[in-house]
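Taking it in order: structure first as structure tokens, then the write-up.
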Number of protein chains: 2
Amino acid sequence: MDIKIAIADDELLFRQGLRAILSKQEDIKILFGASDGKDLIDQLNEASEKPEIIITDLKMPEMDGVEATKIIRETHPDIKVIALTSYFTKPFIVNMIAIGAVAYLAKNSTPALMVKTIREVHAKGFYYDEKVFEYIKDGASKGITNLKADSFNGTSLSKRELEVLELICQQLTTSEIGDKLHISPRTVEVHRNNLQIKTGVKNVAGLVIYAIQHNLVTFDKFY
Amino acid sequence: MDIKIAIADDELLFRQGLRAILSKQEDIKILFGASDGKDLIDQLNEASEKPEIIITDLKMPEMDGVEATKIIRETHPDIKVIALTSYFTKPFIVNMIAIGAVAYLAKNSTPALMVKTIREVHAKGFYYDEKVFEYIKDGASKGITNLKADSFNGTSLSKRELEVLELICQQLTTSEIGDKLHISPRTVEVHRNNLQIKTGVKNVAGLVIYAIQHNLVTFDKFY
DNA sequence: TAGAGACTAGGTGTTTTCACCTATTTTTTG
DNA sequence: CAAAAAATAGGTGAAAACACCTAGTCTCTA
């Protein structure tokens, strides 16, 4: 009768902390923890006992929570995904809900809210607090289907453009990026220029903001 | 006879998780938790019972762990500070040790290592694992005093610098910023340059990332 | 198989950033 | 009040970004 849960977060201490908090609840049982999206999917596929609810951080190395959620929604449509993150901003939230997360929880939440969210999700299948709900309404009124299609690769950035964008966010210069991708710096300039036109920003500052807001780069990579 | 501890981390769930982990140890007692450096200093000053050890995250809004550590080293030199962070890189580590942290712990550590570090710090006054020790040796050979003076080591950003940073994030150029603030573009350049030195980043891309990660600019303005 | 889209890369020139300096004035603080 | 910190601004020069342009190759698909 326990609520079976899996946790994905790249910080072991956080994961273990969450485990310590949740293990105090008699009706909650933690099946396993994963260090990133890839690990989560692997363990999920191998697990004999599948979790009913997965709590996943969005910002993770290797494969992030967004990607992982997409895969889980396809391969295990009955598993509920609760998104957990420090970044409580509209694009993140609207996008995660569009992808299929059933709750969005800030890392700044209280343990009590975390437990409540888990129980609500288990009982009703979803749980949105007021702020999240407000964001969803906003997102919906602006056409969530459109958002679904456009969302991140919104203006549809190409694979190469995304690579260049990521390296720009890592503070590399044009020629450094050229070296890394084995292409001419001129080509990198073309990509940067196209990125600016497609995203409608003015300079690298704009590109970085765009990348972060659209969750195209993970924060971890900056260090 | 308990080891008295205070915890500072901006994520409540993490803080509570840590509390849950550490409260299982009979010899460890958690006095209070703080949500950022400012909060930590305030609570520290007001506390009737002072902690012997403070575990602080480095990346926090308002006042970060670096700044807080510096203040604590001055006002409460007998309190040991353990730096806790996701970013296990040389500059961070060397800098924190230079400032006076007695241990450097990754958020990716095991709860066991966390407890061990606390006990070692309590007994011996410090604890460095092999990797940290290696970095310190490296850092020392390169002149730690210089690093202390130059690097970003928590010198908080000035009001003007924050204004400039915000406008950089709004994609304004140096001369546009100069116009807006009624100062010479040269002065803006000085501010930008100082920002880069203080934050330890390489270019505007780095500044934008720093600003967003440290909650120095509000995301809302971009929507 | 023709066309679209992506990736490539060169030319040219302007503007901006960035890294070194020095130095004065203003404000804050012990 | 004296010292420290912050804000101001100039010089110089190299590197990078940005804005225009043209144009070849490659891959996928209608």
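Quick note on labels: first sequence line is chain A, next is B, and so on, each numbered from 1.
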Inset, instruction - I would like to know whether A:V188 and A:I168 meet side chain to side chain contact (heavy atoms under 4.5 Å, CB included); could you show each step before the answer? - result: CA-CA 10 Å; A:V188 177; A:I168 287 172; over 6 Å; no
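- A:E161 has its CD atom 6 Å from the P atom of C:dC7, to the nearest Å.
- Salt bridge present: B:K29 and B:E49 bring a charged side-chain N and a carboxylate O closer than 4.0 Å.
- Regarding A:I177, its CD1 atom lies at a distance of 11 Å from the P atom of D:dC18, rounded to whole Å.
- Between A:E176 and B:K202 a salt bridge is recorded (basic side-chain N to carboxylate O distance below 4.0 Å).
- Nucleic acid contact class of B:T187 (heavy atoms, under 4.0 Å, all strands): base.
- With sequence neighbours excluded, no residue satisfies side-chain hydrogen bond (donor to acceptor under 3.5 Å, both in side chains) with A:T187.
- Straight-line distance from the CD1 atom of A:I183 to the P atom of C:dG10: 11 Å, rounded to whole Å.
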Inset, instruction - Sugar-phosphate means primed atoms, P, OP1 and OP2; the rest is base. With that split, encode nucleotides 17-30 of chain C 5' to 3' as B, S or - using protein heavy atoms under 4.0 Å. - result: BBS-----------
Legend entry - Pairing annotation in dot-bracket form, given for DNA chain D with Watson-Crick or G-U pairs under 3.5 Å and | for cross-strand partners: ||||||||||||||||||||||||||||||
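- The side-chain tip of A:K107 points at the ring of A:F14 from less than 6.0 angstrom away and within 45° of straight on.
- The side-chain hydrogen bond (donor to acceptor under 3.5 Å, both in side chains) check on B:K50 picks up nothing, with sequence neighbours excluded.
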Legend entry - Chi angles and distances behind the side chain to side chain contact (heavy atoms under 4.5 Å, CB included) call for B:V204, B:R192: CA-CA 8 Å; B:V204 284; B:R192 177 166 36 71; 4.1 Å; yes
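- The side chain of A:H191 contributes an N or O atom lying less than 4.0 Å from OP1 or OP2 of C:dT8.
- The two residues A:L44 and A:P51 come nearest to each other via the heavy atoms CD1-CD, 3.6 Å.
- The separation between A:N194 atom CG and D:dT22 atom C1' is 14 Å, rounded to whole Å.
- Rounded to an integer number of Å, the gap from CG of B:L165 to P of D:dA7 is 13 Å.
- Nearest heavy atoms, A:Q171 versus B:N203: O-ND2, 3.3 Å.
- One finds no salt bridge joining B:E120 and B:K80 here, because no Lys/Arg side-chain nitrogen approaches an Asp/Glu carboxylate oxygen to under 4.0 Å.
- The CD atom of B:E176 sits 11 Å away from the C1' atom of C:dT15 (whole-angstrom rounding).
- The interatomic distance linking A:D179 (CG) with C:dT8 (C1') rounds to 16 Å, in whole Å.
- For the side-chain hydrogen bond (donor to acceptor under 3.5 Å, both in side chains) test, residues two or more places apart in sequence or in another chain that qualify with A:D39 are A:S35, A:Q43.
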Inset, instruction - Could you encode protein contacts along nucleotides 23-30 of chain D as a string, one character per nucleotide from 5' to 3', using B for base contact, S for sugar-phosphate-only contact and - for no contact, with a heavy-atom cut-off of under 4.0 Å? - result: --------
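- When the side-chain nitrogen and oxygen atoms of B:S184 are compared with OP1 and OP2 of D:dG10, one or more of them lie within a distance under 4.0 Å.
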